[in-house]
Amino acid sequence: MRIRVLGSSAGGGFPQWNCNCPNCDGVRRQLIPARPRTQSSIAVTANGEDWLLVNASPDILTQIRDNPDLQPARAIRDSGIAAVLLMDAQIDHVTGLLMLRERSTPLPLLATPEVLSDIGAGFPITQILSHYCGVSTTTLPIDGSHVEVPGLPGVHVEPVSLSSKPPPYSPFRGNPRAGDNIGLGLVNPATGARVFYAPGLGEVSEAVMERMRACSVVLVDGTFWSEDEMLHLGLSAKRAADMGHLPQSGPHGMIAQLDKLPASTRKILIHINNSNPILVEDSPQRMVLKRHGIEVAFDGMDIVF
Ligand code: MLT
Ligand code: MN
Ligand code: ZN
């Protein structure tokens, strides 16, 4: 089984179009050791040819171009993307669905009822797509039970409910429901090896920690270094907690959580916001991650499990 990281940045990407923070300005002008990154998405394959796209980023067309493995070209119109699974209804995770409208058959789409309701109403993507290829939905359970992805033999997923936030346009932004955000266990049925993927994680509950302990790789929320980094940089009044993201630093932050896992667990941060100092490869914060054995995902990264 293989995961290809298509986009390792949070919403806005890196650099963000209108941002002139030291990170965005530095990467744009090539003044800092940092790689540009597209918006949050991964793809998963069991056979190297058919892929489950997990999240459909606004950058999907660039990501497909940058990853020729996703284009096996078996017919005049063809893509390796066999189905799409959504972790939440955030703009950075769903907008790319509109870019897949040229399909000749309905797009297989896996999501929770909560996510399907947000993208059927507040941001009515599925209504719009019904005038193009349409979607064929599979409702995801969030009790941790095992789901085989239709059309993708060998790809097994275990969705679990997470504490985070639905998008600002959701009527439930201030009142999150189970199913607004999920984490995903990805299972290699041949070996039993597991990866836990959660690009939006506001809190590591005991249940989430237990799931992570059962995994050989965890690929989790790396949005912010500190609770108030956007405030300090004068970028936004939003704090990490307001947005449903657990920052890395602090006594109960993501580093402290990942420290509870065995040393043999591969720990990788993903969905990195452009304000986060860990994007700078020689920053003190990046050195802290190194000391804790924590990696930072980049676009094009392959994770084999
Ligand atoms: C989030 O996960 O909070 C998003 O990246 C925000 C956004 O897309 O605007
Ligand atoms: Mn996001
Ligand atoms: Zn920036």
Side-chain angles (χ1 to χ4, degrees), residues 5-32 34-42 53-60 63 85-98 111 114-115 118-119 122-123 125 162-170 172-174 176 180-184 197-203 219-248 254 269-280 283 285 297 299:
V5 174
L6 301 180
S8 52
S9 167
F14 180 49
Q16 179 174 309
W17 68 281
N18 64 344
C19 191
N20 301 296
C21 76
N23 279 359
C24 288
D25 184 60
V27 76
R28 201 176 279 124
R29 298 201 284 143
Q30 299 182 357
L31 298 174
I32 53 171
R35 306 182 187 216
R37 285 168 162 84
T38 62
Q39 295 170 83
S40 188
S41 177
I42 64 171
L53 184 72
V54 184
N55 298 320
S57 146
D59 299 320
I60 181 74
Q63 294 169 341
L85 185 152
L86 303 174
M87 308 293 291
D88 57 46
Q90 295 270 6
I91 285 183
D92 59 340
H93 284 164
V94 303
T95 309
L97 290 173
L98 295 171
E114 292 73 21
V115 167
D118 277 340
I119 63 165
F123 185 13
I125 294 182
L162 292 183
S163 156
S164 187
K165 290 241 172 151
Y169 71 80
S170 169
F172 295 94
R173 174 73 165 181
D180 281 325
N181 288 81
I182 58 166
L184 206 59
Y197 173 57
L201 188 53
E203 184 196 337
L219 189 57
V220 292
D221 191 333
T223 312
F224 298 115
W225 175 260
S226 57
E227 183 57 32
D228 51 6
E229 80 193 33
M230 294 213 293
L231 244 93
H232 276 308
L233 288 162
L235 302 177
S236 162
K238 288 181 184 166
R239 304 172 70 89
D242 299 332
M243 299 175 70
H245 298 294
L246 178 69
Q248 285 104 61
M254 190 63 86
L269 298 176
I270 194 160
H271 188 277
I272 325 290
N273 198 56
N274 59 73
S275 53
N276 192 328
I278 65 172
L279 287 168
V280 184
S283 65
Q285 293 85 352
D299 293 15

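Since the structure is predicted, the reported quantities are computational estimates derived from the model, not experimental observations. Every number for a ligand or one of its atoms is a count from 1 in the order of the listing.
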Exercise for the section: Show which atoms of ligand 1 fall inside a sub-4.0 Å distance from at least one heavy-atom site of G11. Expected result: 5 (O), 8 (O)
Completion exercise
Heavy atoms of M87 and P199 approach each other most closely as CE-CD, 3.9 Å
Fill in the blank from the handout: side chain to side chain donor-acceptor pair (under 3.5 Å) with T223: of E229, Q248, H245, only one passes, and it is H245
Fill in the blank from the handout: CZ (R28) and CG (N23) are apart, to the nearest 0.5 Å, by 11.0 Å
Practice task
Please report the C-alpha distance between D92 and S40 in whole Å, then the side-chain angles of each, then the deciding distance to 0.1 Å, and finally whether the side-chain hydrogen bond (donor to acceptor under 3.5 Å, both in side chains) criterion is met.
Solution key: CA-CA 6 Å; D92 59 340; S40 188; 4.9 Å; no
Exercise for the section: Before signing off on this row, confirm whether A10 and ligand 1 have an N or O atom pair separated by under 3.5 Å. Expected result: no
Completion exercise
For SG in C24 and OD1 in N274, the angle at the Zn ion (ligand 3) (nearest 10°) is 100°
Problem - Closest to atom 6 (C) of ligand 1 (judged by heavy-atom distance), picking from Q90, H271, H93 - result: Q90
Practice task
Starting at CD1 of I270, measure out to CG of L201 and round the result to the nearest 0.5 Å.
Solution key: 13.0 Å
Problem - Side chains of V220 and L269 in contact at under 4.5 Å (non-hydrogen atoms) - result: yes
Problem - ligand 1 versus K165: contacting region, heavy-atom distance under 4.0 Å - result: neither
Problem - N, O or S from H271 under 2.8 Å to the Mn ion (ligand 2) - result: yes
Problem - Min heavy-atom dist H245 to ligand 1 below 4.0 Å - result: yes
Handout entry: Atom name, D92 (N, O or S, nearest to the Mn ion (ligand 2))
Key = OD2
Exercise for the section: For M243, take its heavy atoms, then give the atoms of ligand 1 lying under 4.0 Å from any of them. Expected result: 3 (O)
Handout entry: pair Q39-T95: side-chain heavy atoms closer than 4.5 Å
Key = no
Handout entry: Protein contact for atom 3 (O) of ligand 1 (heavy atom, distance under 4.0 Å)
Key = yes
